[in-house]
Amino acid sequence: MPIYWAFLTYMLLRPGIENKEYSFMFPGIDKVLHFSIFGFLGFCILASFPNIKKSTYLLIGLSYALLTEILQEFMGFGRSLEILDLFADMAGFSLAIFVYNQISKRLP
C-alpha cells in the first residue's frame with residue numbers, strides 16, 4: 001500500500017498534460033480516474049485496517065484529497081484545484097466502504 005500511495009501522490013502532483021493526447025481520452029476522464037484511484041486506495045486502507053472507524057477513514061480520505069488538490073494549485077505545474085475532483089475522490093473513497101463491506105460479508 002505505501003508504494004501505491006507514493007505512486008498516486010506522484011501522479012496527482014506531476015505536471016499536467018492535455019486530455020486530448022490519446023484517442024481514449026474524453027472530457028471528464030480525470031473525474032473517472034480520480035474516482036477509480038481513490039476507490040482503490042480506500043479499499044486498500046480498509047483491507048489493511050479492517051477495524052478502522054469510518055469517521056477516521058473518511059477523514060483520512062478527505063485530508064489526502066484536499067491536500068493533493070491544494071498542492072496542485074500552488075505548485076505551479078499546470079494543475080489546478082478543482083472541487084469536482086475533490087467530490088470524485090470522496091465518492092470513490094465512499095464507494096470503497098460499500099464494496100469492502102459486500103466482499104467481507106461473502107468471505108468466511
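Treat the numbers as computed from the prediction; the structure is a model and nothing was measured.
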- prompt: Any chance CZ of F7 has more than 12 other-residue heavy atoms, nucleotides or ligands included, within less than 6.0 Å?
  reply: no
message: Can you tell me how far apart CD1 (I60) and CG (L62) are? Round to the nearest 0.5 Å.
response: 11.0 Å
query: If you measure from CD1 on I37 to CE on M11, what distance do you get to the nearest 0.5 Å?
result: 8.0 Å
task: Grab the two heavy atoms, one from G61 and one from F93, that are nearest each other, plus how far apart they are.
output: CA-CE2, 3.2 Å
task: Please report the closest heavy-atom contact between L58 and M90, naming both atoms and the distance.
output: O-CE, 3.7 Å
- request: Name all pairs fulfilling the salt bridge (charged side-chain N to carboxylate O under 4.0 Å, His left out) condition that reach into residues 89-108, sequence neighbours left out, sorted by first residue then second.
  value: none
message: For a 4.5 angstrom cut-off between non-hydrogen side-chain atoms, does F38 reach L12?
response: yes
- request: Measure the shortest side-chain to side-chain distance between E69 and L81 over non-hydrogen atoms and say whether it is less than 4.5 angstrom.
  value: yes
statement: Residue set satisfying side chain to side chain donor-acceptor pair (under 3.5 Å) with T9, at least two apart, ordered chain then number -> Y64
query: Who passes salt bridge (charged side-chain N to carboxylate O under 4.0 Å, His left out) against E82, sequence neighbours left out?
result: K31
query: Are I83 and L66 in one and the same hydrophobic cluster, where Ile, Leu, Val, Met, Phe, Trp and Tyr link if side-chain heavy atoms are under 4.5 Å apart?
result: yes
- prompt: Does F98 have any side chain to side chain contact (heavy atoms under 4.5 Å, CB included) partners at least two apart in sequence or in another chain, and if so, which?
  reply: L95, Q102
For residues 39-54, dump all side-chain donor-acceptor pairs below 3.5 Å to protein atoms at least two apart in sequence or in another chain.
| from | atom 1 | to | atom 2 | distance (Å) |
| --- | --- | --- | --- | --- |
| S48 | OG | C44 | O | 2.9 |

- prompt: Remaining members of I3's ILVMFWY cluster at a side-chain heavy-atom cut-off under 4.5 Å?
  reply: none
